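Here it is, the structure in full.
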Amino acid sequence: MRPVTLGRMTVQKVLEMESGPPMPLILPGITAKDLERLAVWYRDETLGPTPEQSAFMMSMHSYVLQLDGLTVLVDACNGDHKRRSIPDVDRVETPFLANLSRLGLTTDDIDLVLCTHLHFDHVGWNTRLADGKWVPTFANARYLFSRRDFEHFGKQKLEDDHLRAFRDSVLPVYEAGRAELIEESLVVHREIGDGIWLEPAFGHSPGNFSVLAECGGERAIFWGDVVHHPVQLIRPELTMSFDSNPEMARETRLRTIARAAEEALVCFPAHFRDPSAGRVLRDRGAYCYRFLDER
Ligand SMILES: [Zn+2]
């Protein structure tokens with residue numbers, strides 16, 4: 001993704017890695033006909049003619065949003081050296097920090113870390129290992145976490161990757177006194193005509209947020225895990241297998257997609273493959289996605 005400029009706001013992407021589980025595992029109910037409709041406007045070498053021959057290929061990346069001297073990291077990927085049960089992300093080492101420095105930024109330059117939600121693939125880089133301990137990676141940053149997710153994973157008994165991530169990538173930040181827990185909507189930054197704020201987009205996780213930003217009449221949305229893959233624009237009503245509250249996730253997904261199209265929001269999806277950024281369009285009752293850059 002090339003840097004995106006909206007008014008005086010810029011958005012850049014920091015790639016970590018890609019991961020592509022089998023399509024039927026993530027989106028049961030998707031059909032060959034759906035993939036045929038998707039192929040009209042989206043090409044991807046990991047998609048075949050049938051769901052069984054297709055991967056649900058996701059990019060793992062963060063966005064760096066800069067506005068009015070504020071540098072914000074939206075989501076924090078998987079992180080290095082984190083012990084996970086999913087082989088694709090278990091104790092990985094990725095060029096994430098090298099990719100951040102390619103933007104001319106160090107970890108000290110991040111003022112604010114906004115985790116749209118607290119799943120393991122959005123919190124990993126919150127911490128890194130220093131002398132055998134997990135410490136906040138972004139030494140000067142304030143971290144904003146969803147209170148609903150924080151309380152949910154804080155009480156969870158099931159020993160899964162989300163709980164492991166809570167322990168190694170969320171709690172150490174909280175215990176270092178660097179985290180703020182967000183209840184509902186929150187304005188993070190406001191100048192005349194400019195703004196960054198959080199809105200509830202609950203359902204995929206109990207407390208998933210969308211981050212919205214505007215400048216010079218242009219408006220951007222970082223919707224976290226409301227939509228993971230372009231194929232969900234073909235069948236937005238289908239449950240994604242990691243949706244924690246399927247009914248609420250469906251309602252949030254439908255509402256967010258409709259709004260993105262109506263308001264011509266510039267979308268920065270958490271898992272769409274490069275070049276990621278684009279707009280949702282509505283054409284004769286069906287949705288499609290147009291990337292800002294050519295694929
Ligand atoms: Zn995710």
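All ligand and atom numbering here is 1-based and tracks the order in the structure. What you see below is based on every heavy atom in this structure, not just the backbone, and it leaves out hydrogens, waters and symmetry mates. Just so it is clear, the model here is predicted, and its values are computed rather than measured.
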Over 60° means perpendicular and under 30° means parallel, so tell me whether F222 and F268 are parallel, tilted or perpendicular. parallel
Quick one: does D149's side chain have a donor or acceptor within less than 3.5 Å of a partner on L118's backbone? yes
So which protein N/O/S atoms does the Zn ion (ligand 1) have within less than 2.8 Å? D121 OD2, H122 NE2, D225 OD2, H271 NE2
F153 vs H162 aromatic rings, parallel, tilted or perpendicular, using cut-offs 30° and 60°? tilted
Should the pair R279-E263 be classified as a salt bridge under the 4.0 Å nitrogen-to-oxygen rule? no
With Y289 as partner, the option from W41, Y42, F272 fulfilling ring-ring contact (aromatic ring centres under 6.0 Å, His included) is F272
For G207 and R148, work out which heavy atoms get closest and say how close. CA-CB, 3.7 Å
